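Since the structure is predicted, the reported quantities are computational estimates derived from the model, not experimental observations. The residues of the chain are indexed from 1 along the displayed sequence.
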Amino acid sequence: MALSNAERSKRYRERLKKKAAAGDAHASKMVEKNKNAQLFRNAKSYAKNHATMEEVTIFRKILDEREKKLKK
């Protein structure tokens, strides 16, 4: 039985999470990296497809403040 790409990815993520729970440092790092990437994709999608102009203005202010902090 051939697995689809989505099913293979799902099984890989499950194995990775089990390794991270068992204490594997590399697996923990990968799980955290994937979590951050997913958060970014969700935020980007929301801002692009669903946010109102008021929300976009708020996002812009937050990003401007963060940029100022990072330049210091």
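When hydrophobic side chains of Ile, Leu, Val, Met, Phe, Trp and Tyr are connected at separations under 4.5 Å, L63 ends up as a singleton with no cluster partners. Side-chain heavy-atom separations under 4.5 angstrom define the hydrophobic clusters, and the remaining members of the one that includes I62 are I58.
The closest side-chain heavy-atom distance from T57 to T52 is not below 4.5 Å.
For the atom pair CE (M30) and OH (Y12), the distance works out to 5.0 Å, reported to the nearest 0.5 Å. Atom-to-atom distance recorded for S9:OG and N34:CG is 10.0 Å, nearest 0.5 angstrom. Taking CE of M53 as the start and CZ of R60 as the end, the distance is 6.0 Å to the nearest 0.5 Å.
Residues passing the side-chain contact (heavy atoms from CB on, under 4.5 Å) test with E65, sequence neighbours excluded: none. Under the salt bridge (charged side-chain N to carboxylate O under 4.0 Å, His left out) criterion, K61 pairs with no residue at all, not counting sequence neighbours. In this structure, the side chain to side chain donor-acceptor pair (under 3.5 Å) partners of R8, at least two apart in sequence or on a different chain, are N5. Partners of E67 by salt bridge (charged side-chain N to carboxylate O under 4.0 Å, His left out), not counting sequence neighbours, listed by chain and number: K71. For Y46, the side-chain contact (heavy atoms from CB on, under 4.5 Å) partners two or more places apart in sequence, or in a different chain, are H50, A51, E55, F59.
Within 6.0 Å of atom CD in E14, more than 12 heavy atoms from other residues, nucleotides or ligands are found, so the atom counts as buried in its surroundings.
For residues 18-47, no residue pair satisfies the salt bridge (charged side-chain N to carboxylate O under 4.0 Å, His left out) rule, not counting sequence neighbours.
Listed here is the closest heavy atom pair of A27 and A20: CB-N, 3.7 Å.
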